[in-house]
*Asks:* 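Attaching a single structure in structure tokens format; questions to follow.
Everything numeric here is computed off the predicted structure, so don't read it as measured data. When a ligand or atom number is given, it counts from 1 through the structure's own listing order.
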Amino acid sequence: MKIITTKNYYDMSRKAANIISAQIILYPNSVLGLATGSTPIGIYTQLVKWYDKGDLDFSDVSTVNLDEYCGLPPSDSQSYRYFMQKNLFQFVNIKAEHIHIPYGNAPDIEKECSRYDHLIENLGGIDLQLLGIGHNGHIGFNEPNIAFEKMTHCIELNQSTREANSKYFGALDQVPQKAITVGIRLIMQARKILLVVNGKDKKAILEQALFGPVTPEVPASILQMHPNLTVVVCD
Ligand code: PGA
């Protein structure tokens, strides 16, 4: 495990973007596992800047997002599909057919979960997985549980997660109750993991995740077992 401590959010974003950028330059057909939330926005902004300068080419890159709310169509401004379009995809030359995000509005959610697992397997797995961490230790929407859920699945979101995300929806009751998330298996099979952590309020859970016992009650603690984990952190 490598831990990189940074000065501030901007520094964290640039350092993490540098790691993703190096991946794309070295392996132009990389499969990137991408994340949403407030933490990675600065990373995407930085990648777009380097793309604009001509330093990055996304034409052979494929992306697979970690999760999506159930019940929201891709056109909904709260969907993660919309988030990715707004913060990254609309600005770079990624091919539409190379973008993959669970379809939260699928009529058969179980079928959608298994489609997503197969899709990522068929892509050859994830080369670099970008992750944030929730205040409860979740990664993707793998919430604290009695066991690690291996496969892509539909999850009932924790109250604390819905409260944390209600800032985007305006009111708690607008936040969907459920989401689709890739499971722990695909995350752990990623060849590299880049965990970005912003804010003093994440310090305690990060400490538990990286140095506490490996337990499904702190889903991110499984990352201790990953052979190629980089953590970029700022206070
Ligand atoms: P945040 O969310 O970046 O908005 O803090 C991270 C997460 O919940 O995974």
Side-chain angles (χ1 to χ4, degrees), residues 6 8-17 20 32-47 63-70 72 77-84 86-88 101-102 104 126 128-145 148-149 152-153 155-170 172 174-184 186-188 190 193-210 216-223 226 229-235:
T6 61
N8 50 41
Y9 180 74
Y10 179 68
D11 189 27
M12 179 202 80
S13 301
R14 277 179 67 93
K15 289 202 163 67
I20 297 173
L32 302 180
L34 297 182
T36 53
S38 55
T39 310
I41 292 176
I43 299 174
Y44 297 144
T45 305
Q46 189 58 60
L47 291 174
T63 62
V64 291
N65 263 78
L66 280 168
D67 44 20
E68 179 59 285
Y69 289 114
C70 287
L72 298 188
S77 62
Q78 296 304 335
S79 75
Y80 286 159
R81 181 69 181 75
Y82 191 96
F83 172 103
M84 291 307 302
K86 184 171 111 193
N87 290 293
L88 179 65
I101 301 182
I126 297 165
L128 173 64
Q129 176 67 59
L130 174 64
L131 287 178
I133 184 172
H135 289 98
N136 61 6
H138 73 202
I139 44 176
F141 273 138
N142 289 278
E143 299 281 40
N145 206 337
F148 290 108
E149 280 252 24
T152 297
H153 58 284
I155 187 123
E156 190 86 36
L157 295 171
N158 277 16
Q159 181 73 359
S160 67
T161 299
R162 293 183 65 243
E163 279 165 11
N165 291 359
S166 64
K167 58 179 183 271
Y168 305 112
F169 286 83
L172 182 60
Q174 302 292 307
V175 185
Q177 306 273 354
K178 291 182 177 177
I180 296 176
T181 181
V182 299
I184 294 297
L186 282 171
I187 293 175
M188 288 301 284
I193 294 183
L194 175 58
L195 174 66
V196 283
V197 188
N198 173 41
K200 284 192 180 15
D201 55 334
K202 298 263 177 89
K203 236 180 168 156
I205 193 67
L206 182 65
E207 188 82 13
Q208 271 189 59
L210 299 183
E217 284 161 25
V218 182
S221 63
I222 192 82
L223 300 175
H226 194 277
L229 170 67
T230 303
V231 186
V232 182
V233 60
C234 84
D235 282 343

*Asks:* Please check if the side chain of Tyr9 supplies one atom and the backbone of Gly42 the other of a donor-acceptor pair under 3.5 Å.
*Replies:* yes
*Asks:* Return the set of residues passing ring-ring contact (aromatic ring centres under 6.0 Å, His included) with Tyr44 (not counting sequence neighbours), or none when no residue passes.
*Replies:* none
*Asks:* Give a yes or no on whether the backbone of Gly140 and the side-chain of Thr181 come within a donor-acceptor separation of less than 3.5 Å.
*Replies:* no
*Asks:* Which residues satisfy the salt bridge (Lys or Arg N to Asp or Glu O under 4.0 Å) test with Lys178, sequence neighbours excluded?
*Replies:* none
*Asks:* Output the set of protein residues with a heavy-atom contact under 4.0 Å to ligand 1, ordered first by chain identifier and then by residue number.
*Replies:* Gly37, Ser38, Thr39, Gly132, Ile133, Gly134, His138, Tyr168, Lys202
*Asks:* Of all residues at least two apart in sequence or in a different chain, which pass the salt bridge (Lys or Arg N to Asp or Glu O under 4.0 Å) check with Lys15?
*Replies:*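 By the salt bridge (Lys or Arg N to Asp or Glu O under 4.0 Å) rule, Lys15 matches Asp11.
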*Asks:* Kindly say whether Pro176 contributes a backbone atom to a donor-acceptor pair with the side chain of Arg162 at under 3.5 angstrom?
*Replies:* yes
